[in-house]
**Q** 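Handing you this structure, nothing more for now.
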Amino acid sequence: MTSPRFRIAPSPTGYFHVGGARTALFNWALARRLGGTFVLRIEDTDAERNRPEWTEGIIEALAWIGIHSDDPHFEGPYFQSEYAEQHVEMARGLVASGHAYYCDMTAADIEERNKAEGTQGYRGWSRDRGLEAGPGRALRFRVPEGTTLVRDKVRGDVEFDNSLIEDFVLLRGNGSPMFLLANVVDDITMRISHVLRAEEHLPNTPKQQMLWEAFGHEPPVWAHLPLLVNDQRKKISKRRDKVALEQYREEGILPEAMVNYLMTLGWAPKGDVEIQPWTQMEADFRLEDVNHSPAFFDLKKLAAFNGEYIRAMSPEQFLEACRPWLFGPDAPFPAERFDERVFLAMAPVIQPRCTMLADAPGVVDFLFLADPVLDAEAWAKAVAVPENVAVLRDCIAGFEGLAAWTADELKSVMESAAATHGLKAGKAQAPVRVAVTGRTVGPPLFESLELLGRDETLRRLRVAEATIG
RNA sequence: GCCCCCAUCGUCUAGCGGCCUAGGACAUCACCCUUUCAAGGUGACGGCACGGGUUCGAAUCCCGUUGGGGGUGCCA
């Protein structure tokens, strides 16, 4: 028994598609669980379109979702364009065996003839002309009569009437191989045993299967996965939708959350629990359990998954994960003012407030800013009520006299100030919060003040107070 | 046009003939908790597209209708 070989064959488009990521994950789960191999093949018959940096991007994206190129189950990358000679050679072999023939009709010729005869498509016109190879002559596959039965692991048996499939081109007039041919030849030579791909390829599968058979091989196990669609139920595309995996990473989606979410599209983890570790899903994943209907890629649900994963992290893990946004060019505060210990102390209250890692700096920016910008509108509203101003002044006085600068002490100062002016604690803290953090919402106030320190807190309060007319 | 696929709450799904007065998750709404905002807790809302069969019994099997999607290149 030879071990199973799976493959993922993205085209080098400069980004890695989320749909491709899910396909990769499904392949990966099976390759690892069954002790098989995951083959990465960069598919484009045209070497010109194959840029090295794009391949690097694909490998990086795969690594991000846990598919590492140094894993023993990983093989590749292979570049389809490098095997062109082999594709051509194999195709030519089909002429001798009667499975293919040369044709000199151009697209215009075909159109013209169809117009004249009132027909559609290429109707095998050059089948029996016995043309030799020559410039401008394409090589076409002689589709046999009968039917082709595709046994699909997720769809079941699908039967196609061969008479509805035209004699498709294998080699162009200039001699270069077509994608379909290259695909099959590569799958055969790389001994691929399982072809998992998106459902859009199902209608072309009989052509591929006929090729496998013409080459004298048993077709692989086919498995066509449900499409990923947008809110309009259309196949997600680069033009309309956010499809690049890289974009999600840049926004601060955790790879674990992305992997977990992607796995729930078209397949469901065992039990009623959707949030599950990869090891569990790898052990449970079965092709037979994959759905048949298209799945909507729901950003909101992805964000919810991400929030769950963020909350499950330790402060240290959270800090590490946040680094790119804490120190990146878009960081809201200068790197030298950032204090790891303060961030770590705040982590447990930052985490529940983030759905994306990119949200994190904004939650605690006031702690690391020399002068947080005051939201003018929020401030005006906070000090519009005389009682609020009174509480603010009481707090400044009370904070000044505090023996111990702790959250508890700060809280009791606020509580008694609020009580003396007949305010609820919730309302009373608004002016202090806005004065110190610049905003009306944010993490727990007194804990923040404790970390900010007595001097800086008082300084900000006094600066703000001075603006009251 | 022709071919193929699909059809359970708004969304992702569980269900593979009786455990279903259809379960979970996201979203939405309400309440609770609470120093704001979150998070958390409790609950509510909400679905088997339609019509025929088969069966003692159908979300589950069959046929049809409707609806949606995909494919049909000398693109990949």
**Q** Taking OP1 and OP2 of B:C4, is either one under 4.0 Å from a side-chain nitrogen or oxygen of A:R155?
**A** no
**Q** To the nearest Å, how far apart are A:E274 CD and B:A25 P?
**A** 8 Å
**Q** Can you tell me if the side-chain N/O atoms of A:R172 get under 4.0 Å from OP1 or OP2 in B:A76?
**A** yes
**Q** Which listed nucleotide (B:G69, B:A7, B:G71) is nearest to the side chain of A:K235?
**A** B:G71
**Q** Does the B:A27 base have a donor-acceptor partner in the side chain of A:K301 within less than 3.5 Å?
**A** no
**Q** Could you check which of B:G70, B:A7, B:U35 has an atom nearest any side-chain atom of A:P203?
**A** B:G70
**Q** For A:P444, report the nucleic acid contact type (base, sugar-phosphate, nothing); a contact means any heavy atom under 4.0 Å.
**A** base
**Q** When the C1' atoms of B:C2 and B:C63 are compared, how many Å lie between them, rounded to an integer?
**A** 22 Å
**Q** Pick the C1' atom in B:A39 and in B:U34, then give their distance to the nearest Å.
**A** 11 Å
**Q** Which part of the nucleic acid, if any, lies within contact of A:F160, taking any heavy atom under 4.0 Å across all strands shown: a base, the sugar-phosphate backbone alone, or nothing?
**A** sugar-phosphate
**Q** Base, sugar-phosphate or nothing for A:P443? Non-hydrogen atoms, less than 4.0 Å.
**A** base
**Q** Scan A:N27, A:D186, A:N183 and name whichever one has a side chain to side chain donor-acceptor pair (under 3.5 Å) with A:R7.
**A** A:N183
**Q** Identify whether any heavy atom of A:M263 sits under 4.0 Å from a base atom; if not, whether one sits that close to sugar-phosphate; answer base, sugar-phosphate or nothing.
**A** nothing
**Q** Considering only side-chain heavy atoms of A:N291, which listed nucleotide, B:A14, B:C37, B:C4, is closest?
**A** B:A14
**Q** Are A:E111 and A:K115 close enough for a salt bridge, meaning some N to O gap below 4.0 Å?
**A** no
**Q** Where do A:M281 and A:N260 come nearest, in terms of heavy atoms and distance?
**A** CE-CA, 3.9 Å
**Q** Which of these nucleotides, B:C37, B:U35, B:C4, is closest to any side-chain atom of A:L445?
**A** B:U35
**Q** Using the ring pair (Phe, Tyr, Trp, His ring centres under 6.0 Å) definition, which of the options A:W278, A:F297, A:W267 pairs with A:Y261?
**A** A:F297
**Q** Inspect the contact between A:E199 and A:R155 and indicate whether a charged nitrogen and a carboxylate oxygen are less than 4.0 angstrom apart.
**A** yes
**Q** Using whole Å, what does the distance between atom C1' of nucleotide B:A76 and atom CD of A:Q208 come to?
**A** 12 Å
**Q** Check this one for me: any side-chain N or O of A:N204 less than 4.0 Å away from OP1 or OP2 of B:U72?
**A** yes
